[in-house]
2 protein chains.
Amino acid sequence: MSNLKQLAEITRLPILTVYQALEGQASVTAAVRQQVQTAATSLDYTLNITIRDVAALADVSVGTVSHVLNGNTRTRPETRQRVLQAINDLNYRPNSMARGLKSNHTRLIGYGWHKTEDPGRPNALLDRFLYDMAQAAEAWGYHILTFAQPSQISLKRYDELIQTTRIDGLVLTDINYHDERVRYLLKSGVPFVAFGHTNEDWDFPSVEVDGRLGMKLAVEHLIARGHERIGLLCWPEGMRIGDVRVQGYIDVLAAAGIPLYKPWIVRIRNSVDHAFLATQQLLAAHPRPTAIACTNDVMALGVKRYLNQIGLEAGIDVAITGYDDTPIAELVELTSIRQPIDMVAAKVIEILIGEIEGKPVPRRNILLEPTLVVRASSRTQR
Amino acid sequence: MSNLKQLAEITRLPILTVYQALEGQASVTAAVRQQVQTAATSLDYTLNITIRDVAALADVSVGTVSHVLNGNTRTRPETRQRVLQAINDLNYRPNSMARGLKSNHTRLIGYGWHKTEDPGRPNALLDRFLYDMAQAAEAWGYHILTFAQPSQISLKRYDELIQTTRIDGLVLTDINYHDERVRYLLKSGVPFVAFGHTNEDWDFPSVEVDGRLGMKLAVEHLIARGHERIGLLCWPEGMRIGDVRVQGYIDVLAAAGIPLYKPWIVRIRNSVDHAFLATQQLLAAHPRPTAIACTNDVMALGVKRYLNQIGLEAGIDVAITGYDDTPIAELVELTSIRQPIDMVAAKVIEILIGEIEGKPVPRRNILLEPTLVVRASSRTQR
DNA sequence: ATGAAAGCGCTAACAT
DNA sequence: ATGTTAGCGCTTTCAT
């Protein structure tokens, strides 16, 4: 294989002309295009602009081109200008793999997630989160590599990606107490940042949205609307994300001087059907709650469905709040708690790139605040 | 920098022992670990297994290792075995960038998408589609690189990814007539596959789900349930995906001998609110329709909301069908049309990899069939 | 300020 | 059947 310069020598044409001829640009006459084509064919050359072509056109060494590319050493403005011009003329883009091979990084961030059988899992927000991460990463010259994480968490996937130098770091979501991925990554020293956290005694970079505050907002809102008998639908114990939200409920009631009433707290699996049944149970309690807070939107939907079935209306007869403000919440006019996903994504990326590039940011653990979005399901004053 | 073999020579230890010592494995005594550590430090060596280390341990050349790695030439079973053993012992994984630099491919597939302001856009299915693609790609040794596609489509993003050799090919979704991305990619010769299609006269690989059939299924179902006055809520004209679905509606009515009644066809923008208003309009028509088919689930939600507001019940008073079977459909018990997303993803990947590797599959344009999912919103016989 | 050259880890053509 | 070696395109010392 040859390069542009050789072609230029053979055809006795300027390098730039050769390039333009190969690109089929109209600025070059058909005759010249033909001539260059022939020469290229005979040399078995296919157009592929490298740093060497740029160097040849700018009449400098490849080292100099690399320098202006990376803004390292100062280059004489005039030289720099020539190089930039050549880069522009040839529409040159550095080969990411050659770059990576040399400098041993990929500028790729891995993100794996589960298939969500269960439409209500936190990653119903995945679309937004992933998009926002991709966007944030691009500003730093990074991209996101997504991979499928089988529901039975397999460290093998992570190991593979790391060992093959596919990625520089990882983003973790849906983590829980003693998450084995966190344990593994901590041990192997691979840069990563988690959306959420595990047990407090593990130290690793993370971005969290304050779940206790979120639930607090929801329940305070219900109280402000005149409710005092407030039920809670929550996930089974043992999930950090759920436990934190339940704590918010407990806190607010305590602060308001409303005693906790056990029959009003129902722990269920995350589905519309379970929530439907739980609502039936809740409304059979004595006294019956006038409002129901849920640890996520899916459960709230189940509540709503049961209410409809027995002829009650959400927001009028019984107030409901969901959590996560998934798109569905807006569609069915459900009051919910919104997480600042774009902020989470931006922070996750910022912290991760700090870890990757060996310049850790000062605050590696961020706690963001959710906000309350009031809709018809709880708007009415009691 | 040095390698394992040199360390082994200096310490007069077997290569494998040196590796295990560096890994801190318990099979090596603390004393030896210490000795190796010291030697490594003095040589400024950091553990990084390359093909050369494997070759040294298996006592073959790097060429041989590469051969067994790529299954090219036949190697003597015994040699092959030794190499495999060494790879295993050292937990060796080839560096993806070195591999890519040499062979000029990344084994990365680009996928860009819009932020969906509008929760009802087709890519509400993104979560599933992306996951399924990632999964399918992994079976071929590929991964997905996701990037943010600003809503104002900019070819620059695509160009950048291609020119920097970031990706081997692309997957396109949400395409429309005369899509400029398709035009650009077609011209530049970059491998790509689209989910959906543009004008018929453009020839490029694609996977589509038959929208005409989908709507046909929905309307036939309504007719079978005893409906004859069927309204249609659809997107504005000019979107291929919508036009095709409308055609399905027209076809079925024609086949059933039901004349088309213009006031029952309402073209609106894709939102709950627009659908809400359109339903009001539809129900004011004379005669009023007894069923409403929608070109997607979001609109169906708007219909449902209006019905509820005026005290009618979906499925009892007026039948409703949605389209796309987004998670929301199940949650609100909405009859909908399901697209076989997993099949789409698998086919898209299969075709794309065929294009990338220069072995195009025979059928580059696939038309898949959607299925009807009947739920409470249309189950009742009239 | 710029150039020359080594080499990142791998593949594949060629040699033995 | 296996070994040797020349790059892939880039970054980065080290000279000049």
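To find a chain, count down the sequence lines: A is the first, B the second, and so on, and within it residues start at 1. Both backbone and side-chain heavy atoms feed into the values below; hydrogens, waters and symmetry mates do not.
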*Quick one: does A:Thr79's side chain get under 4.5 Å of A:Val60's, heavy atoms only?*
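SC-SC contact between A:Thr79 and A:Val60 confirmed.
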*To the nearest 10 degrees, how far apart in direction are the end axes of the helix from C:dA1-D:dT16 to C:dT16-D:dA1, each fit to five base pairs?*
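Overall, the helix from C:dA1-D:dT16 to C:dT16-D:dA1 bends by 40° from one end axis to the other.
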*Taking everything shown except A:Arg157 itself, do over 12 heavy atoms lie less than 6.0 Å from its CZ?*
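Result for CZ/A:Arg157: enclosed.
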*Looking at every strand, decide which applies to B:Thr165 at a 4.0 Å heavy-atom threshold: base, sugar-phosphate, or nothing.*
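Answer is nothing: B:Thr165 stays at 4.0 Å or more from every strand.
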*Kindly write out the residues that satisfy side-chain hydrogen bond (donor to acceptor under 3.5 Å, both in side chains) with B:Thr64, not counting sequence neighbours, or none if the list is empty.*
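So B:Thr64 forms a side-chain hydrogen bond (donor to acceptor under 3.5 Å, both in side chains) with B:Ser61.
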_Among B:Arg80, B:Gln81, B:Arg82, side chain to side chain donor-acceptor pair (under 3.5 Å) partner for B:Glu78_ =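 Between B:Glu78 and the candidates, side chain to side chain donor-acceptor pair (under 3.5 Å) is satisfied uniquely by B:Arg82.
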Donor-acceptor list for residues 350-362 of chain B side chains, cut-off 3.5 Å, not counting sequence neighbours:
residue: B:Glu350; atom: OE1; partner: B:Lys347; partner atom: NZ; Å: 3.3
residue: B:Glu355; atom: OE1; partner: B:Arg364; partner atom: NH1; Å: 3.2
residue: B:Glu355; atom: OE2; partner: B:Arg364; partner atom: NH1; Å: 3.3
residue: B:Glu357; atom: OE2; partner: B:Tyr142; partner atom: OH; Å: 2.8

_My understanding is that only residues two or more places apart in sequence, or in another chain, count here; which of them pass ring pair (Phe, Tyr, Trp, His ring centres under 6.0 Å) with B:Tyr19?_
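Once residues adjacent in sequence are excluded, B:Tyr19 has no partner under the ring pair (Phe, Tyr, Trp, His ring centres under 6.0 Å) criterion.
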*Candidate pair B:Phe192 and B:Phe204, rule ring pair (Phe, Tyr, Trp, His ring centres under 6.0 Å), full reasoning*: CA-CA 8 Å; B:Phe192 75 99; B:Phe204 58 89; 5.7 Å; yes
*Residues which pass salt bridge (Lys or Arg N to Asp or Glu O under 4.0 Å) with B:Arg52, listed by chain and number, not counting sequence neighbours*: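 With sequence neighbours excluded, B:Arg52 shows a salt bridge (Lys or Arg N to Asp or Glu O under 4.0 Å) to no residue whatsoever.
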*Determine, for nucleotides 9-16 of chain C in 5'-to-3' order, which nucleotides have protein heavy atoms under 4.0 Å from the base (write B), from only the sugar-phosphate (write S), or from neither (write -).*
BBBB----
